[in-house]
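Each remark here refers to the structure printed beneath this line.
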Amino acid sequence: MAVALEDLKFTLQEVLDTFKSCLSEHKEVFLEHYVAGWRGLVRFMNCLGSVFSFISKDAVNKIQILVNHLNGENGAHYVTIQSMVKYELDSQLVDLTKRGSFPESGCRTLLRLHRALRWLELFLERLQTSTEDSNTSVMCTEAYNESLAQHHTWIIRKAAGTAFWALPGRATFFDVMNVGSPEQVMAVLGDTLPLISEVYQVTEDLYAQNNILELP
Ligand SMILES: CCCCCCCCCCCCC/C=C/[C@@H](O)[C@H](COP(=O)(O)O)NC(=O)CCCCCCCCCCCCCCC
């Protein structure tokens, strides 16, 4: 079976660069790059083992919903997250209080990934300040409990918590990132974390202004 070249040359640097290209000079977030960043993260997660496949399935599913919007007949409204939110709210294409006619709105779908981006930010912050004997499972669990866990049901929290214990140790984790020595990993994290934080914050502010941080 042919393996796509793209799947072989994973490096975290590329993923993080994709997030860098998300923001326009007017601080709009390009959906195409945002989605590409998530694709890369999923690829990374797939390198960590099959215990994470229930997580990557859900992420892939959400990425696909957004790609379908982007490639659909109203794709022009989905170029940035800002234009997406405006279009979907103006056209009443979002379930605001309970799930109903629009289970696949761009707004609610992106919100799930946005919350996961907060997990990523917290996790990468911990990695950046970690030392050789730091435990990746603990860092991951702490980041999760401070972010995504608050939005998940008991059963999902249980499953996620179990999967986290299967994370490889810090050294292997750094190897899979494929950016070089631990010092280089730290440098990449230092460059990129502020950008991820900015993408997160811009999205958070946009959702807060529109009162759509709790979409069902
Ligand atoms: C590196 C280890 C990966 C740790 C991932 C931490 C996140 C754990 C999330 C567990 C989600 C379980 C799957 C189901 C989720 C859904 O119920 C739930 C709600 O959706 P619904 O409202 O449509 O029902 N979905 C979500 O919250 C979206 C989850 C998206 C998770 C994407 C995680 C990607 C992680 C990428 C890891 C990359 C690490 C890079 C480090 C350098």
Side-chain angles (χ1 to χ4, degrees), residues 10-19 34-66 94-95 98-100 102-128 130 134-170 172-179 182 184-193 195-196 200 212-216:
F10 171 85
T11 138
L12 188 72
Q13 177 73 58
E14 262 175 46
V15 174
L16 300 182
D17 285 347
T18 315
F19 275 107
Y34 190 88
V35 159
W38 275 106
R39 277 217 170 105
L41 288 168
V42 167
R43 227 157 67 216
F44 177 83
M45 194 164 49
N46 289 341
C47 298
L48 297 177
S50 55
V51 280
F52 301 102
S53 57
F54 78 104
I55 304 176
S56 73
K57 262 199 200 124
D58 186 69
V60 166
N61 181 21
K62 291 183 167 50
I63 290 168
Q64 193 56 50
I65 292 172
L66 293 173
V94 185
D95 293 325
K98 63 175 174 36
R99 297 195 72 168
F102 307 107
E104 300 200 337
S105 72
C107 288
R108 71 91 56 197
T109 303
L110 189 125
L111 177 61
R112 270 54 187 180
L113 294 178
H114 168 67
R115 290 168 175 167
L117 196 63
R118 176 68 182 150
W119 164 81
L120 183 70
E121 186 187 1
L122 293 171
F123 179 63
L124 295 182
E125 269 171 26
R126 281 175 167 78
L127 263 188
Q128 201 191 12
S130 67
S134 297
N135 183 321
T136 48
S137 303
V138 170
M139 294 189 279
C140 184
T141 305
E142 287 174 355
Y144 177 74
N145 288 342
E146 279 179 35
S147 56
L148 265 181
Q150 293 154 24
H151 304 285
H152 284 164
T153 59
W154 181 86
I155 191 86
I156 297 281
R157 289 203 302 270
K158 226 37 204 167
T162 309
F164 296 159
W165 290 107
L167 272 179
R170 184 176 178 270
T172 309
F173 208 86
F174 281 9
D175 280 349
V176 178
M177 286 179 174
N178 196 18
V179 283
Q184 284 168 301
V185 172
M186 292 304 182
V188 172
L189 290 177
D191 280 352
T192 323
L193 250 169
L195 284 146
I196 290 186
Y200 176 83
I212 51 171
L213 276 168
E214 299 298 331
L215 292 179

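For ligands, and for the atoms within them, numbers begin at 1 and follow the listed sequence.
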remark   = Between Ala36 and Thr18, the two heavy atoms sitting closest are CB-CG2, 3.5 Å
inquiry  = Quick check for you: to the nearest 0.5 Å, what is the distance between Asp95 atom CG and Ile212 atom CD1?
reply    = 12.5 Å
Heavy-atom pair of closest approach, residues Val176 and Cys47 = CG1-CB, 3.7 Å
query = What is the distance from atom OG of Ser53 to atom CG of Asn46, rounded to the nearest 0.5 Å?
reply = 8.0 Å
Anything under 3.5 Å between a donor and an acceptor, one on a side chain of residues 120-127, the other on a protein residue two or more places apart or in another chain? List them.
| unit_1 | atom_1 | unit_2 | atom_2 | d |
| --- | --- | --- | --- | --- |
| Glu121 | OE1 | Arg118 | NH1 | 3.0 |
| Glu121 | OE2 | Ser197 | OG | 2.8 |
| Arg126 | NE | Glu142 | OE1 | 2.8 |
| Arg126 | NH2 | Glu146 | OE2 | 2.7 |

remark   = Closest heavy-atom pair, Met177 versus Val185, reported as atoms and distance to 0.1 Å, is SD-CG1, 3.6 Å
Pairs under 3.5 Å, N/O atoms on ligand 1 and on the protein: can you put them in a table with the distances?
| unit_1 | atom_1 | unit_2 | atom_2 | d |
| --- | --- | --- | --- | --- |
| ligand 1 | 20 (O) | Lys62 | NZ | 3.3 |
| ligand 1 | 22 (O) | Arg108 | NH2 | 2.9 |
| ligand 1 | 22 (O) | Arg112 | NE | 3.0 |
| ligand 1 | 23 (O) | Lys62 | NZ | 2.9 |
| ligand 1 | 23 (O) | Arg108 | NH1 | 2.9 |
| ligand 1 | 25 (N) | Asp58 | OD2 | 2.8 |
| ligand 1 | 27 (O) | His152 | NE2 | 2.7 |

